[in-house]
Amino acid sequence: MNWWQFGLLGAGGGLSVELLAVFRGCAQWQAARRTPTGRRRAKPPALRQFVDLSAHACLAVVRASIGATTALLFGASGQISGAYAAVALGVCAPAVLATLGAVPQVAQFVAGSAPAPVGGGTAPGEAPLEATGHGGGQ
């Protein structure tokens, strides 16, 4: 897949979350328009009491942007490889980013300080260890 396809699919995933929220509000509105016996109420409530279109429009743009960016970054770096993964990452992008932000190494990196090396590597500015020969030199 190309990088732009990851972004497009991630945006679709983020957008689908907001579309489901609008659907849920419409379903609640539909139920509120009926009496317990199923008849239509004489004065049914307005749709705007259940669906805030301006808020949903704003959130749709934000969710699509976050989903696209996250899927694009994961796809371009080889962390994901398929369409399903890109859409799923777009759906859960805010949760994934919040979880990544809670990882100490990521938080240190974002804050500007380099995390300590893992697994015996060398810190920036230090010389790496060298092998001393066939037998290990000991």
Side-chain angles (χ1 to χ4, degrees):
M1 287 180 55
N2 293 321
W3 63 269
W4 61 268
Q5 291 172 313
F6 285 111
L8 192 61
L9 290 167
L15 194 60
S16 69
V17 174
E18 206 52 42
L19 290 174
L20 287 172
V22 171
F23 174 78
R24 185 175 47 249
C26 288
Q28 291 171 343
W29 171 66
Q30 181 185 29
R33 293 173 52 88
R34 302 285 177 184
T35 65
T37 60
R39 299 179 64 97
R40 185 170 174 241
R41 293 188 186 274
K43 293 192 115 200
L47 177 62
R48 68 178 174 269
Q49 290 180 290
F50 295 88
V51 178
D52 186 355
L53 290 179
S54 57
H56 287 299
C58 180
L59 282 171
V61 170
V62 171
R63 283 190 182 275
S65 299
I66 292 172
T69 303
T70 305
L72 188 133
L73 291 174
F74 274 66
S77 67
Q79 300 294 316
I80 60 173
S81 61
Y84 180 78
V87 172
L89 192 57
V91 168
C92 65
V96 168
L97 294 176
T99 302
L100 282 176
V103 174
Q105 290 85 358
V106 175
Q108 287 176 350
F109 179 76
V110 171
S113 62
V118 177
T122 59
E126 290 182 7
L129 296 177
E130 296 182 17
T132 56
H134 187 315
Q138 295 178 353

Nearest atoms (heavy-atom pairs only) where [X] meets [Y]:
X   : Y   : value
A93 : G67 : CB-CA, 3.9 Å
V51 : G25 : CG2-C, 3.8 Å
A71 : G10 : CB-CA, 3.6 Å

Inter-residue atom distance [X].[atom1] - [Y].[atom2], 0.5 Å rounding:
X   : Y   : atom1 : atom2 : value
S54 : R48 : OG    : CZ    : 12.0 Å
N2  : L72 : CG    : CG    : 11.0 Å
Q79 : L89 : CD    : CG    : 10.0 Å
S77 : W3  : OG    : CH2   : 15.0 Å
L8  : Q5  : CG    : CD    : 8.0 Å

Decide whether [X] and [Y] are clustered together by the hydrophobic rule: side chain heavy atoms of Ile, Leu, Val, Met, Phe, Trp, Tyr closer than 4.5 Å, transitively.
X   : Y   : result
L9  : V96 : yes
L53 : W29 : yes
V87 : M1  : yes
V22 : F50 : yes

Subject >> Stepwise side-chain contact (heavy atoms from CB on, under 4.5 Å) test for I80 and F6 >> reply: CA-CA 9 Å; I80 60 173; F6 285 111; 3.9 Å; yes
Original post:
So, R41 side chain and R34 main chain: donor-acceptor pair closer than 3.5 Å or not?
Top reply: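 Yes; judged by distance alone, with no hydrogens or angles, the pair exists.
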Subject >> Side-chain (Q49) to main-chain (A46) donor-acceptor, under 3.5 angstrom >> reply: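 A pair under 3.5 Å: yes.
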Original post:
Do the non-hydrogen side-chain atoms of R63 and S16 ever get within less than 4.5 Å of each other?
Top reply: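 Side-chain contact under 4.5 Å: no.
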